[in-house]
Amino acid sequence: MKNLLSKVFSKKAKIQIEFCQNNLDRFLNEQTVADYGKFLANPRIQYKEYECLSECKLCKKTPYAKVNGQIMSGEDSQDLLNQLHDELK
């Protein structure tokens, strides 16, 4: 019975997100900081900010994050946030 219930009500996996502080400083503004704060409050998200993620060429061009070890970038910080939301689905 326990197996059946766990299959029906399976927990979705947590998502590990890594951010570069330099990238956040470059691309976030007051509005997107608030939006990211709400998003990161989700209990399924584990995140960490690093001073640098050694992706300097990408960092200068576009907002990005490492999601479960894979790089995800957006045209702007709102686009990246939308993609992060999609990862939760």
Side-chain angles (χ1 to χ4, degrees):
M1 181 65 141
K2 187 175 181 181
N3 266 345
L4 176 64
L5 290 177
S6 61
K7 286 180 182 178
V8 173
F9 299 106
S10 65
K11 291 184 179 180
K12 292 187 178 184
K14 290 193 178 210
I15 296 173
Q16 179 69 40
I17 304 174
E18 299 173 359
F19 293 103
C20 170
Q21 287 178 350
N22 294 323
N23 189 259
L24 293 174
D25 290 344
R26 185 174 286 122
F27 290 102
L28 290 185
N29 59 42
E30 286 183 28
Q31 176 59 43
T32 52
V33 166
D35 294 341
Y36 272 77
K38 289 177 190 173
F39 173 75
L40 295 172
N42 186 313
R44 286 189 48 220
I45 297 172
Q46 296 176 335
Y47 72 95
K48 189 165 185 175
E49 289 181 34
Y50 293 92
E51 192 171 318
C52 179
L53 290 175
S54 299
E55 300 289 343
C56 300
K57 288 182 181 180
L58 179 64
C59 186
K60 290 178 183 177
K61 294 180 187 176
T62 184
Y64 80 96
K66 285 188 178 180
V67 180
N68 296 329
Q70 300 295 315
I71 293 178
M72 180 180 289
S73 63
E75 293 179 20
D76 57 30
S77 57
Q78 191 61 50
D79 181 45
L80 176 60
L81 183 59
N82 291 340
Q83 291 181 49
L84 293 172
H85 273 290
D86 291 343
E87 282 293 310
L88 280 178
K89 295 178 181 176

Check the hydrophobic clustering (I, L, V, M, F, W, Y; side-chain heavy atoms under 4.5 Å; chains of links allowed) and say if Val67 and Ile71 are grouped together.
no
Within the side chain of Asn68, is there an N or O that forms a donor-acceptor pair under 3.5 Å with the backbone of Ile15?
no
Which atom names give the shortest non-hydrogen contact between Arg26 and Cys59, and what distance separates them?
NH1-O, 3.0 Å
Would one find more than 12 heavy atoms of other residues, nucleotides or ligands at under 6.0 Å from atom CD of Glu49?
yes
Ser73 side, atom OG; Gln83 side, atom CD - distance, nearest 0.5 Å
6.5 Å
First locate atom CD of Glu55, then atom CG of Asn23, and finally report the distance between them rounded to the nearest 0.5 Å.
10.0 Å
Answer with yes or no whether the side chains of Asn29 and Thr32 bring together a donor and an acceptor at under 3.5 Å.
yes
Examine Tyr47 and Leu24 and state if one hydrophobic cluster contains both, with Ile, Leu, Val, Met, Phe, Trp and Tyr joined whenever side-chain heavy atoms are less than 4.5 Å apart.
yes
What's the spacing between Phe39 CZ and Asn82 CG if we round to 0.5 Å?
10.0 Å
For Tyr50, the ring pair (Phe, Tyr, Trp, His ring centres under 6.0 Å) test, sequence neighbours excluded, returns none
Could you check whether any side-chain heavy atom of Tyr64 comes within less than 4.5 Å of a side-chain heavy atom of Leu53, counting everything from C-beta outward?
yes
According to a hydrophobic-cluster definition based on side-chain heavy atoms being under 4.5 Å apart (Ile, Leu, Val, Met, Phe, Trp, Tyr only), do Val33 and Phe27 belong together?
no
Measuring from Gln78:CD to Tyr36:OH, what's the distance to the nearest 0.5 Å?
7.5 Å
Just how far is it from atom CG of Asn42 to atom CG of Leu84, taken to the nearest 0.5 Å?
11.5 Å
For Ala65 and Leu80 the tightest heavy-atom approach is N-CD2, 4.2 Å
Test of understanding: clusters of I, L, V, M, F, W, Y form through side-chain heavy atoms closer than 4.5 Å, transitively. Do Met72 and Leu28 belong to the same one?
yes
Supply the atom-to-atom distance Glu51 CD to Gln21 CD, rounded to the nearest 0.5 angstrom.
6.0 Å
